[in-house]
Amino acid sequence: MEWNPETLQFLSQCFLHTLSPQPEPRRAAESSLAEAADRPNYGLAVLRLVAEPSVDEQIRQAAAVNFKNHLRTRWVPSNDLNAGPTFSPILDPEKDQIKTLIVSLMLSSSPRIQSQLSEALAVIGKHDFPKSWPTLLPELISNLQKAAQSSDYASINGILGTANSIFKKFRYQYKTNDLLLDLKYCLDNFAAPLLDIFLKTASLIDSTASSPGGGSPATLQPLFESQRLCCRIFYSLNFQELPEFFEDHMKEWMGEFRKYLTTNYPSLESSGDGLALVDQLRAAVCENISLYMEKNEEEFQGYLNDFASAVWSLLTNVSQSSSRDKLAVTAMKFLTTVSTSVHHTLFASEGVIPQICQSIVIPNVRLRDEDEELFEMNYIEFIRRDMEGSDLDTRRRIACELLKGIATNYKKQVTDIVSLQIQNLLSSFATNPSANWKDKDCAIYLVVSLATKKAGGTLVSTDLVDVQSFFLSVIVPELQSQDVNGFPMLKAGALKFFTTFRGLIQKPVAFQLFPDLVRFLGAESNVVHSYAASCIEKLLLVKDEGGKARYTSADITPCVPVLMNNLFNSLKFPESEENQYIMKCILRVLAVADISSEIAGPCIAGLTSILNEVCKNPRNPIFNHYLFESVAILIRRACERDASLISAFEGSLFPSLQTILANDVTEFLPYAFQLLAQLVELNKPPISPSYMQIFVLLLSPDSWRRSSNVPALVRLLQAFLQKAPNEVNQEGRLNQVLGIFNMLVSSASSDEQGFYVLNTVIENLEYGVISPYMGNIWNVLFMRLQNNRTVKFQKSLVIFMSLFLIKHGATNLVDTMNAVQDNIYLVILEQFWIPNLKLITGAIELKLTAVASTRLICESPVLLDPAAARLWGKMLDSIVTLLSRPEQDRVEEEPEMPDIAENVGYTATFVKLYNAGKREEDPLTDVKDPKQFLVASLAKLSAHTPGRYPQIINENLEPANQAALLQLCGIYNCQIV
């Protein structure tokens, strides 16, 4: 794309139309730009448009955004084949011209365009800096020094913003030699200019702030922004380790840092966003001193007392306004770091811990208007922070973390002080419950947040209160309140306490409150009915000593009708239509309770009604997964108990499942196939016509195009092969099934699924039915073995051959293999079966392959031939390794790289339904112990030719395996003679 008046006019018109409120011209312009973006020098032309002063500012700004996004997709095109469309890359000559122009253009632009070009420059810098763009840093430094001479803070902040972006990589990337070399280059060139501009700006702030009236906000704002950017760059350059330059100049940096924490700037702080700007600088300072406290404690200790005092003083004066949260949190994090360090003695002085508790912790733990608003307006985010622990950057959580930090070394003091505070808060509540309910909430929050979880378990404990008496006196009155909608935040806190300490609450006490929990499912507050559902769900998981469930089906079954009714009704509240906590509770109740037909009917009706709704627009994957798990467990537990329910369930579910299939609801297809597999397995032959229609659909190659559907389709195909073996052998269906096997086994990403199909065919169809196809099956397997023999494939092949032998005999196995190629059986045995046998894992697979291999050496004429004595011995050696050594000693499997090309275009993923899983069936129920089977078979075999087999064993088995075999013979009282 050449730069000329026509190009300028074309691009200007396009960018103008992209701003149009009318969809037609906007889409046309976007299409034209997308087409032009593939032409060489497009990015350069857009950049020149941005630089054209005669063009309207809005058009240039739109062009700057387009330029930035153009670089993101084309500077270094993604190699990720799943990342969406691929774009032609920007060529090197165009890149060089862009790099030549962008810095000067950014510095001369208006603030809005400058911010876009700064981001674009950071995109280039991420890939090219410093090795492929050696001129960038010198150019930035040169411009920084020029701008500093004229105090041009628009340019200074543009340069510092760019430097901040390109230096961020030193915070997030792993420490490597290449990274440290890049860091050294940046330090050698930028550390001194950074300090110069930082001190110059500090001096300007001092002189401006000390002038009459404290200086104008307009003058101070860019200066404070400059210092904030300097602090962020300081953080990046110091993140990996303490650089020598910064150690030498620590006094200058720390002196200014402390000043910003201890000085007020009234003229700026009282104007518009001025306080936020000053707080951002203070927060950046707190992050820097926290970094030094964590990584450079020894060098920093001389400044520690002053900073601890400054931060403490700052925190006592920070208001509860949400705009000051970042500062409050970073300041408390600094004190937390100090409290757990060797300098914790700063907290040991008389009165320090009570003062911190009174003036810092309690004010920050108390509920604020913002918390109440979040509780009412965005319950999902409230729960995410409050119950799920994603609130590490909130004042409430970090204030408690500070207390925990201090308690590391001063546990008794903290416990005594906080216990007293809790009593004071509860006394305050008691004097006027309606007005002082937040005091009670604060007390409950302190107990819950300061509780400690025992390592490796769910049991939670606390030294602050006696849990039983606190529960009875403080929590139970809230739970037994007849008004489920009154003081909802207090109710939520009480439910959270019950959930947290559920393991410590005695069963009779907790069980007495079960009807109250069920009642709270009807609370209007989304948080309250979510917490009630979560509490019930978690109670049903509590285990007593020995792992026995504390609450059984006998405990909850009597109240299940009311419980399920309330759970389904709570899903009708606004915003809770897809409430994952409620659906998880439904799932848990269905897993524990006795499912009678009286319960099953309303439940399947309720679940299918919800399923029909979410099919229209699947939005919440967690809710949807619990929904399908609930359907699956209901099918499993209800229909296995009462087979007469199967047809009723089919009547309810079939329309929903057909909707998913007919409308191609991508997210739900794997779930639908798994549920259909469950239903097929519950049916008795002959299979009904409606299922046969699905079988026809299943055999169509189109159904298998999406890789995310394959495991679920295989699961469904296995169900049909088990339940309808006669139908499989009609109308050419077996040919289609084997075609699916062929397709799956040819690819390394799906070969395991292919073997699942093949093994199910071998297990369920008569030998006379499959024998005409065996030559083709072996050809497919041998071809794959020749082209791409992964460990996983070879193990699957050994399992398949073992299953074939068990089902159809060693003679048929040997004959069908050798029919493909003379004596290939012995080649496969020596090169693949024997070496891979010892890698087999899984109880059923291990038993199957061990017994099959034993039968091979005891029954197969080929191996019993004296000429095959070495092979016989090597096979026995592998069998003994498999049976006598623990899995970790014999399996050293390298993770195999996935074949990325096989997954192109598929972004949906398969999610297995735990409750619809296929039950593993043991094809060898008559053999209880494969070790006993081995030595008994060997003893019987050796009795026919005494003296022959001990010699073969001595020559071919490893000494450790000879000893193991001898030990097994002793255990089972068998002798190899």
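Here, residue 1 is the first one in the sequence, and each next residue gets the next number. None of these values were measured; they are calculated from a predicted model.
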Shortest non-hydrogen contact between [X] and [Y], atoms and distance:
{"X": "C286", "Y": "V311", "value": "SG-CG2, 4.5 Å"}
{"X": "I362", "Y": "Q421", "value": "CG1-OE1, 4.0 Å"}
{"X": "V560", "Y": "A593", "value": "CG2-CB, 3.5 Å"}
{"X": "S339", "Y": "L402", "value": "OG-O, 4.3 Å"}
{"X": "E478", "Y": "A494", "value": "CB-CB, 3.8 Å"}
{"X": "V592", "Y": "T552", "value": "CG1-C, 4.0 Å"}

Any [X] side-chain heavy atom under 4.5 Å of [Y] side chain:
{"X": "T394", "Y": "R397", "value": "yes"}
{"X": "K928", "Y": "K847", "value": "no"}
{"X": "V614", "Y": "F668", "value": "yes"}
{"X": "D594", "Y": "I599", "value": "no"}
{"X": "L590", "Y": "R637", "value": "no"}
{"X": "V518", "Y": "P515", "value": "no"}
{"X": "M293", "Y": "S341", "value": "yes"}
{"X": "V589", "Y": "C585", "value": "yes"}

Side chain of [X], backbone of [Y]: donor and acceptor closer than 3.5 Å?
{"X": "S576", "Y": "N579", "result": "no"}
{"X": "D555", "Y": "F511", "result": "no"}
{"X": "E370", "Y": "S322", "result": "yes"}
{"X": "Y410", "Y": "H344", "result": "yes"}
{"X": "N436", "Y": "S428", "result": "yes"}
{"X": "K438", "Y": "F429", "result": "no"}
{"X": "R550", "Y": "G503", "result": "yes"}
{"X": "Q482", "Y": "Q480", "result": "yes"}
{"X": "N526", "Y": "P574", "result": "yes"}
{"X": "S652", "Y": "F649", "result": "no"}

Next on the checklist: Quick test of your reading: applying salt bridge (charged side-chain N to carboxylate O under 4.0 Å, His left out), list the pairs with at least one residue in residues 619-631, sequence neighbours left out, ordered by first then second residue.
Outcome noted: E578-R619

Item to check | Aromatic plane relationship, F382 with F375 - under 30° parallel, 30 to 60° tilted, over 60° perpendicular | outcome: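 Aromatic pair F375/F382 classed perpendicular.
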
Next on the checklist: Please enumerate all residues that pass ring-ring contact (aromatic ring centres under 6.0 Å, His included) together with H625, with sequence neighbours excluded.
Outcome noted: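 Listed in chain order: Y671.
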
Checklist entry - Please walk me through it: do W437 and L367 pass side chain to side chain contact (heavy atoms under 4.5 Å, CB included)? => result CA-CA 10 Å; W437 66 270; L367 281 172; 3.6 Å; yes

Item to check | D463: partners by salt bridge (Lys or Arg N to Asp or Glu O under 4.0 Å), with sequence neighbours left out | outcome: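 Per chain and number, D463 pairs via salt bridge (Lys or Arg N to Asp or Glu O under 4.0 Å) with K411.
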
For the atom pair [atom1] ([X]) and [atom2] ([Y]), what is the distance rounded to the nearest 0.5 Å?
{"X": "R368", "Y": "S321", "atom1": "CZ", "atom2": "OG", "value": "8.0 Å"}
{"X": "L346", "Y": "H343", "atom1": "CG", "atom2": "NE2", "value": "8.0 Å"}
{"X": "M583", "Y": "L571", "atom1": "CE", "atom2": "CG", "value": "5.0 Å"}
{"X": "S630", "Y": "L587", "atom1": "OG", "atom2": "CG", "value": "4.5 Å"}
{"X": "S530", "Y": "E537", "atom1": "OG", "atom2": "CD", "value": "12.5 Å"}
{"X": "C603", "Y": "I633", "atom1": "SG", "atom2": "CD1", "value": "11.5 Å"}

Next on the checklist: Taking side-chain hydrogen bond (donor to acceptor under 3.5 Å, both in side chains) as the criterion, tell me which of Q678, E681, Q674 meets it with R715.
Outcome noted: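 So, applying the side-chain hydrogen bond (donor to acceptor under 3.5 Å, both in side chains) to R715 and each of Q678, E681, Q674, only E681 qualifies.
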
Item to check | salt_bridge(D441, R366) N-O dist < 4.0 Å | outcome: no

Next on the checklist: side-chain hydrogen bond (donor to acceptor under 3.5 Å, both in side chains), that's the test. Do S481 and D483 meet it? Break it down for me.
Outcome noted: CA-CA 5 Å; S481 163; D483 181 6; 6.0 Å; no

Next on the checklist: Checking T462 against F501 for the side chain to side chain contact (heavy atoms under 4.5 Å, CB included) test, could you report, in this order, the C-alpha distance in whole Å, the side-chain angles of both residues, the deciding distance, and whether it holds?
Outcome noted: CA-CA 9 Å; T462 180; F501 293 103; 3.9 Å; yes

Tell me if the [atom1] atom of [X] is crowded by more than 12 foreign heavy atoms within 6.0 Å.
{"X": "K538", "atom1": "NZ", "value": "yes"}
{"X": "E524", "atom1": "CD", "value": "no"}
{"X": "E640", "atom1": "CD", "value": "yes"}
{"X": "E373", "atom1": "CD", "value": "no"}

Before we go on, tell me: are the rings of [X] and [Y] under 6.0 Å apart, centre to centre?
{"X": "F573", "Y": "H529", "value": "yes"}
{"X": "F497", "Y": "F470", "value": "yes"}
{"X": "F498", "Y": "F471", "value": "yes"}

Next on the checklist: Looking at Y445, I'd like to know if the NZ or CZ of R396 sits under 6.0 Å from its six-membered ring centre while staying within 45 degrees of the ring's axis.
Outcome noted: yes

Checklist entry - Can you list the steps and then say if S656 with N612 is a side-chain hydrogen bond (donor to acceptor under 3.5 Å, both in side chains)? => result CA-CA 6 Å; S656 304; N612 292 336; 2.6 Å; yes

Item to check | Chi angles and distances behind the side chain to side chain contact (heavy atoms under 4.5 Å, CB included) call for I586, F568 | outcome: CA-CA 8 Å; I586 290 173; F568 280 112; 4.0 Å; yes

Item to check | Pair E613-K616, salt bridge (Lys or Arg N to Asp or Glu O under 4.0 Å): steps then yes or no | outcome: CA-CA 6 Å; E613 277 305 306; K616 296 172 186 174; 2.8 Å; yes

Item to check | CA sep, side-chain torsions, deciding dist, call: M387, Y581, side chain to side chain contact (heavy atoms under 4.5 Å, CB included) | outcome: CA-CA 11 Å; M387 184 72 102; Y581 306 98; 5.9 Å; no

Next on the checklist: For the residue pair Y531 / D386, report whether a side-chain donor-acceptor contact shorter than 3.5 Å exists.
Outcome noted: yes

